[in-house]
Number of protein chains: 2
Amino acid sequence: MSKQDGDTLLVLFEALANPHRLKIISILFVERQYVSQLAREAEMSRPLLYMHLQKLEKAGLVKSEMELSTDGKAMKYYELVAFDFTITPALIKDAAETITIKKKEGK
Amino acid sequence: MSKQDGDTLLVLFEALANPHRLKIISILFVERQYVSQLAREAEMSRPLLYMHLQKLEKAGLVKSEMELSTDGKAMKYYELVAFDFTITPALIKDAAETITIKKKEGK
DNA sequence: AACATGTGTAATATATTTATTACACATGAT
DNA sequence: ATCATGTGTAATAAATATATTACACATGTT
């Protein structure tokens with residue numbers, strides 16, 4: 001991660017600041033999974049899982065794609081996006097200067 | 001950062017997931033500062049600043065010490081703790097397995 | 001004594017995040 | 001047709017995080 005945009009960095013930290021989302025990352029690190037199965041493994045309802053997945057997706061940590069199973073069902077698969085961030089005070093200082101989000105805007 | 005405890009990692013991400021706290025880090029990166037002055041530079045009230053500083057301190061990102069100014073006033077100085085974290089899916093997977101916090105406990 | 005500056009916190013209000021409930025709709029198998 | 005499985009979302013409730021207000025107390029200066 002080179003010079004980071006402040007808002008982007010903030011969205012990243014917000015995405016990582018939740019135990020369920022870390023668990024989701026943990027599960028997807030092993031293998032990609034479709035939503036219903038992921039909900040079972042993460043032990044949470046699908047509506048809640050969707051909410052968490054959206055935050056992860058907006059942060060660029062996961063991505064999704066629809067597929068058709070052999071028996072014709074629509075399956076939405078999520079997979080982890082490879083990442084490797086180095087967090088230092090200097091990086092945060094550079095990023096902090098470009099932060100614009102104060103109150104939540106349209107997301 | 002070697003193998004990371006899940007709860008510790010979570011507290012770290014939570015501490016970083018706020019624009020004001022990134023700004024505080026940014027200010028302290030330049031030089032250590034006492035609370036009232038820091039409040040002015042960060043453009044926030046002292047009570048609010050205290051709240052943010054506590055989160056940063058619990059995450060181990062800043063530390064404080066009391067000093068007496070030349071004119072005898074008690075001054076609480078905060079300074080940045082050097083850090084350099086590398087965040088990868090593998091690290092999160094290892095950490096996620098040791099996460100215990102589900103609801104907020106005593107802090 | 002009143003003022004300016006510093007530390008520190010309790011009580012409360014506001015905003016946001018997290019979680020649940022209740023739906024709608026589709027496909028293949030029984 | 002009903003059941004089991006999948007996707008998707010709107011409305012609401014509950015829990016947390018963020019922010020404000022109003023204090024108390026201390027020192028040195030005017």
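Quick note on labels: first sequence line is chain A, next is B, and so on, each numbered from 1. Predicted model, so just to flag it, every value in this text is computed and none were measured.
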Tell me whether the side-chain N/O atoms of B/N18 come closer than 4.0 Å to OP1 or OP2 in D/dT18.
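Checking D/dT18 against B/N18, a side-chain N or O does come within under 4.0 Å of OP1 or OP2.
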
Distance below 4.0 Å between A/Y34 side-chain N/O and D/dG6 OP1 or OP2:
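Answer yes for this pair, as a side-chain N or O of A/Y34 is under 4.0 Å from OP1 or OP2.
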
For DNA chain C, whose closest nucleotide is more 5', that of A/M44 or that of B/V35?
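Nearest nucleotide further toward 5': that of B/V35.
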
Give me the atom names and distance for the closest heavy-atom approach of [X] to [Y].
{"X": "B/M44", "Y": "B/I24", "answer": "CE-CD1, 4.2 Å"}
{"X": "A/A15", "Y": "A/K55", "answer": "CB-O, 3.8 Å"}
{"X": "B/P89", "Y": "A/F83", "answer": "CD-O, 3.2 Å"}

Under 3.5 Å: donor-acceptor pair, side chain of A/T98, backbone of A/G6:
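At least one qualifying donor-acceptor pair exists.
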
As an exercise, state the distance from CG of A/L49 to CD of A/Q54, rounded to the nearest 0.5 Å.
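Reported to 0.5 Å precision, the distance equals 10.0 Å.
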
When you check the gap from the basic side-chain N to the acidic O, do B/R32 and B/E65 get nearer than 4.0 Å?
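Salt bridge present between B/R32 and B/E65.
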
Grab the [atom1]-[atom2] distance between [X] and [N] for me, whole Å please.
{"X": "B/I24", "N": "D/dT18", "atom1": "CD1", "atom2": "C1'", "value": "12 Å"}
{"X": "B/H20", "N": "C/dT16", "atom1": "NE2", "atom2": "P", "value": "11 Å"}
{"X": "A/M66", "N": "C/dA26", "atom1": "CE", "atom2": "C1'", "value": "11 Å"}
{"X": "A/F13", "N": "D/dA17", "atom1": "CZ", "atom2": "P", "value": "18 Å"}
{"X": "B/Q37", "N": "C/dA4", "atom1": "CD", "atom2": "P", "value": "18 Å"}

Please list residues of residues 45-54 of chain B whose heavy atoms come under 4.0 Å from any atom in DNA chain D, ordered by number; otherwise none.
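Per residue number, the list reads B/S45, B/P47, B/L48, B/M51, B/H52.
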
For DNA chain C, find the residues of residues 67-80 of chain B with a heavy-atom distance under 4.0 Å and give them by number; none if there aren't any.
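Within this stretch, B/K73, B/A74, B/M75, B/K76 sit under 4.0 Å of the strand.
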
Go through it in stages, so that I can follow the logic: the residues are B/L12 and A/L16, the test is side chain to side chain contact (heavy atoms under 4.5 Å, CB included), and I'd like the CA-CA distance, side-chain angles, deciding distance and then a yes or no.
CA-CA 10 Å; B/L12 172 67; A/L16 293 171; over 6 Å; no

Would you please say whether a donor-acceptor pair under 3.5 Å links the side chains of A/Y34 and A/E67?
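Judged by distance alone, the side chains do not pair up.
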
Grouping I, L, V, M, F, W and Y whenever their side-chain heavy atoms are under 4.5 Å apart, do A/F13 and A/L91 come out in a common cluster?
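Yes; A/L91 is reachable from A/F13 via cluster members.
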
